[in-house]
Each structure stands twice: as C-alpha cells, then as structure tokens.
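The shown structure was predicted, so the numbers you read here are calculated from the model rather than taken from an experiment.
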Amino acid sequence: MTIRVIIVDDQAMVRAGFAALLSAQPDIDVVGEAPDGRRGIEVSRSTHPDVVLMDVRMPEMDGLAAARALLDPPVGVVHRPKVLMLTTFDVDDYVYEALRAGASGFLLKDAPPADLISAVRVVAAGEALLAPSVTRRLIADFAQQRPAPRKDRSLRLKGLTPRETEVLELIARGLSNQEIADHLVLAEQTVKTHLGRVLAKLGLRDRAQAVIFAYESGLVAPGG
C-alpha cells in the first residue's frame with residue numbers, strides 16, 4: 001500500500017528536498033506541500049494523507065497548533081493523519097505539548113535521508129518515532145517544567161498487571177524494546193505484546209504517549 005504524505009515547512013528548499021527524497025520511494029507518494037500550519041491543515045483536509053511531516057516553528061500558525069487541529073478535528077471531520085514533527089533541536093519547547101496532542105513523534109531536520117524514509121514508514125504503520133536517546137532528553141525537560149502527578153491517571157494504573165506496569169516504567173525511562181527484553185529476560189516479541197496491552201488498557205495511541213502518561217501518573221519521577 002502506498003503511503004500518502006504531505007510536507008508542511010516554511011522553507012521551500014526543505015519541502016523540495018524532502019519531497020524529492022520521499023517521492024523516489026516506490027511505497028511513498030507526496031500528495032501536497034504547505035508553507036505554514038494553517039495552509040497545512042487545508043492541504044491535509046483536501047488530500048487525506050496518511051502522514052503529515054510538520055515543522056515545529058512556522059509563521060501564521062506553528063506546527064503545534066496545526067497538529068492539535070489535525071489530531072482533534074471539529075465535528076464532521078473524520079480524517080486524522082499521523083503527524084511527525086520536524087525540529088532543528090533534540091528537544092524543542094513545543095515537542096512535549098505536540099506529543100500530548102497526539103503527534104506520533106519527531107525527527108531532526110538534519111537526520112540522514114534513510115532515517116527520514118524509515119520515519120515515515122514507521123509512523124504510517126502506527127508506531128511512535130521516539131528514539132530512546134530522545135526520550136531521555138524529553139524526560140530531562142519534563143523534570144524541569146512539568147506539574148505534580150495527576151490523580152486520574154494514577155488511578156488508571158491499577159488496571160495494569162505488575163509485569164505491564166514494569167514494562168511501562170522501563171519505557172518511560174527511555175529503554176528500547178530490546179533493552180527491556182534484556183533487562184527482564186524476555187523475548188522482544190513478548191515485550192511488544194505487553195506494550196500493546198498497556199496502550200489498549202490506558203487508551204493511549206503509542207509509545208510517545210505512554211512515556212508522558214507514566215510521568216503524569218507519577219509512576220516514574222523525573223530524576224528517579
């Protein structure tokens with residue numbers, strides 16, 4: 001199946017470069033471009049892409065506001081694309097809020113071409129693109145800025161089994177599936193199964209939201 005993509009970035013050269021790279025892939029079709037968030041929403045609503053590559057900082061409407069609009073659309077709009085945020089820095093001020101809004105992850109603009117192509121495929125498949133190293137940076141940011149645990153979320157943790165809780169904690173600490181498997185002496189596929197159950201029970205979209213949930217619930221304390 002062909003993955004439909006639109007690129008939203010205020011730099012024309014970035015849009016052109018990404019479009020050329022992605023269009024050269026047999027399973028990816030670039031169906032639109034936009035120079036700002038407001039236009040990006042319009043293009044997404046008309047082309048129904050599977051994945052939106054969304055720059056974080058743009059004029060008119062930034063990527064965070066646009067991501068919120070796409071992922072929590074008004075009544076009558078049923079299309080919800082996957083959103084992959086593009087940023088210049090490892091952890092942008094907007095990234096945490098973008099992930100809370102439902103973005104599937106983020107990618108550095110200077111990432112190697114192969115990483116961009118892989119990112120689009122990963123996000124289109126329903127996975128989160130949040131590398132363990134980036135997760136750790138996000139956690140450090142969280143530790144400095146985020147509020148006290150939310151009681152409603154801590155109560156929802158009670159629906160998890162001890163093993164599922166353990167897996168969620170390790171995910172929040174930035175471990176990859178393979179690292180969790182090694183730590184718990186499990187098969188990697190078993191870890192994936194536990195993660196799937198955690199997401200289903202907590203009503204979370206992907207790994208990125210699982211990390212945020214773990215911190216907002218108080219399961220993991222920043223710096224702990």
Hey, are the side chains of [X] and [Y] touching, using non-hydrogen atoms and a 4.5 Å cut-off?
X: Pro73; Y: Arg80; value: yes
X: Val122; Y: Lys82; value: no
X: Leu116; Y: Leu53; value: yes
X: Val56; Y: Leu64; value: no
X: Leu170; Y: Glu179; value: no
X: Pro81; Y: Arg4; value: no
X: Thr87; Y: Leu108; value: yes

- Residues in side-chain contact (heavy atoms from CB on, under 4.5 Å) with Leu219, at least two apart?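 side-chain contact (heavy atoms from CB on, under 4.5 Å) list for Leu219, sorted by chain: Leu157, Thr165, Leu168, Glu169, Ala214, Ser217.
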
- Query: Does Arg39 come within less than 4.0 Å of Glu42, counting only side-chain N to carboxylate O?
  - Reply: yes

Hey, what do you get for [atom1] ([X]) to [atom2] ([Y]), rounding to the nearest 0.5 Å?
X: Leu199; Y: Ile171; atom1: CG; atom2: CD1; value: 7.0 Å
X: Leu107; Y: Met85; atom1: CG; atom2: CE; value: 11.5 Å
X: Gln25; Y: Thr2; atom1: CD; atom2: OG1; value: 12.0 Å
X: Ile6; Y: Met54; atom1: CD1; atom2: CE; value: 6.5 Å
X: Leu184; Y: Thr190; atom1: CG; atom2: OG1; value: 10.5 Å
X: His183; Y: Leu175; atom1: NE2; atom2: CG; value: 7.5 Å

Please check: side-chain N/O of [X] versus main-chain N/O of [Y], any donor-acceptor pairing under 3.5 Å?
X: Asp29; Y: Val31; value: no
X: His79; Y: Pro49; value: yes
X: Asp36; Y: Met61; value: no
X: Arg163; Y: His194; value: no

Minimum-distance pair of heavy atoms, taken over all atoms of [X] and [Y]:
X: Val43; Y: Ala34; value: CG2-CB, 4.2 Å
X: Arg57; Y: Asp55; value: O-OD2, 2.9 Å
X: Val8; Y: Gly40; value: CG2-CA, 3.9 Å
X: Ala66; Y: Ile41; value: CA-CD1, 4.0 Å
X: Arg45; Y: Pro74; value: NH2-CD, 3.8 Å
X: Ala67; Y: Val83; value: CB-CG1, 4.2 Å

- Message: Assess the residue pair Lys109 and Asp9 against the criterion (side-chain contact (heavy atoms from CB on, under 4.5 Å)); give the C-alpha distance rounded to whole Å, side-chain angles, the decisive distance to 0.1 Å, and a yes or no.
- Response: CA-CA 11 Å; Lys109 281 189 177 182; Asp9 193 293; 2.9 Å; yes

- Task: Verify side-chain contact (heavy atoms from CB on, under 4.5 Å) between Leu22 and Ile3, making sure each step is shown before the conclusion.
- Result: CA-CA 10 Å; Leu22 294 173; Ile3 302 169; over 6 Å; no

